[in-house]
Amino acid sequence: MIETSAAAPPAEAVADFAEDVRRDLALSPKQIQSKYLYNALGSCLFEAICRLPWYRITRAEGRLLSRWAEPMVASLPDPLTFVELGCGSGEKVAMLAEALRSRRRSVSVHLIDISPIALELSERTLGRLEHVSVVGHRTTYEEGLRHAATLRPSGVTMLVLFLGSNIGNFDPPAAHDFLSQIRRALRPGDALLLGADLVKSERELLLAYDDPLGVTAAFNKNLLVRINRELLADFDLASFDHRAVWNAAESRVEMHLVSRHAQQVNIPRAGCTVSFERGEHIWTENSYKYTIEEVVQRGERAGFRSREQWVDGDARFALTLFVAN
Ligand code: TRP
């Protein structure tokens, strides 16, 4: 069974985008919210990033899931509902759902993503599994989670999946708030499986976020393509460079778009003209890197206890299963 909640009206989405762009390009430093990376083209570029030899997170997580999916779900009482925040292609949640099949345990899966492409791909992936029923929510994590929680019948255990390095895209106070919000949507005994990319060498980190094929650069610059197309702007793509910087003090990789020279850009639908100095940057994303201890502390401070942790020693990536207190 596949259901998808209605898409947001495009005119409204464009108006929100225009307002965010106008406000955030007036900040210092200039910013564009990273959620705008994931339109149809951006989602495909991110899928390509996940296949790059230098971006090892997705494969590391796939290895952990294919090896440990059974024990990850074994201890959770039936019946189960999975809620995946940011579902990508749906392959990860499918691996966990597969682990239930051998025991003839059925599961309902709520997919929450702002990208219609991600929902479509995931629904197709999960549609092949007979013991799985799927509900797609095209919305923000917060709203989708709230909605999924209200649809959950009593006596059903909820497992929230927040995988990849999604948590890394929140700064520490926002990560705390977000995990606390997940906790508030849950009941004692419900669970959270949290992915986190771990601190590693600067060289490895920069290759992951500024790859030699230029796919990550294209992914980042797609923000400008989107502003050109949707807000009728005149960004010259060749006048901006993608740059990834490792900020060791903050333990994060920062993504920027750097203006190669002084220039002005018109953004008619946002009602503004933006000036750039040479070398001035637009800050588009942070990707925080954790130690394994920090991951456990994060969850514990938000009202969970950690039950088990699986670490890919090669790529330095961790999955941690938390249970709500
Ligand atoms: N969540 C991903 C991460 O932090 C997003 C990402 C990967 C990303 N490469 C990027 C975001 C490049 C902006 C630019 O790993």
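First listed ligand is number 1; within each ligand, the first listed atom is number 1. The chain is numbered in sequence order, starting from 1. Because the structure is predicted, anything quoted here is derived from the model rather than measured.
- Within the 4.0 Å heavy-atom criterion, neither part of Asp197 lies near ligand 1.
- The minimum heavy-atom distance linking Tyr290 with Ala175 is given by the pair OH-CB, 3.9 Å.
- Of all the heavy atoms in Ala208 and Thr216, the pair that sits closest is O-OG1, 4.1 Å.
- Using a 4.0 Å cut-off between charged nitrogen and carboxylate oxygen, Arg146 and Glu142 do not count as a salt-bridge pair.
- Regarding atom 4 (O) of ligand 1, its nearest protein heavy-atom neighbour is Ser287 OG, 2.7 Å.
- The shortest contact between atom 8 (C) of ligand 1 and any protein heavy atom is with Phe219 CE2, 3.6 Å.
- Here Tyr288 has no heavy atoms under 4.0 Å from ligand 1, in either its backbone or its side chain.
- Using a 4.0 Å cut-off between charged side-chain N and carboxylate O, Arg56 and Glu204 make a salt bridge.
- Between Asn266 and Asp234, the shortest heavy-atom contact is N-OD1, 2.8 Å.
- Proximity to Leu37 (heavy-atom distance under 4.0 Å) selects the following atoms of ligand 1: 11 (C), 13 (C).
- Protein heavy atom in closest approach to atom 2 (C) of ligand 1: Tyr55 OH, 3.4 Å.
- Electrostatic pairing of Lys92 and Glu84 does not count as a salt bridge here, judged by no charged N lying under 4.0 Å from a carboxylate O.
- In this structure a side-chain-to-backbone donor-acceptor pair under 3.5 Å is present from Thr125 to Ser89.
- For the residue pair Thr320 and Gln309, a side-chain donor N or O sits within less than 3.5 Å of a side-chain acceptor on the partner.
- At the shortest separation from atom 5 (C) of ligand 1 among protein heavy atoms lies Tyr38 OH, 3.6 Å.
- Shortest contact from atom 6 (C) of ligand 1 to any protein heavy atom: Phe46 CE1, 3.9 Å.
- The shortest N or O to N or O distance between Thr216 and ligand 1 is not under 3.5 Å.
- Remark: distances from the non-hydrogen atoms of Thr284 to ligand 1 are all 4.0 Å or more.
- Within the 4.0 Å heavy-atom criterion, the part of Asn169 lying near ligand 1 is the side chain and not the backbone.
- Between Glu230 and Arg226, at least one side-chain nitrogen of the basic residue sits less than 4.0 Å from a carboxylate oxygen of the acidic one, meeting the salt-bridge criterion.
- Distance from atom 14 (C) of ligand 1 to its nearest protein heavy atom, with residue and atom name: Met255 CG, 3.2 Å.
- If you check which protein heavy atom lies closest to atom 3 (C) of ligand 1, you get Ser165 OG, 3.0 Å.
- The shortest N or O to N or O distance between Asn286 and ligand 1 is not under 3.5 Å.
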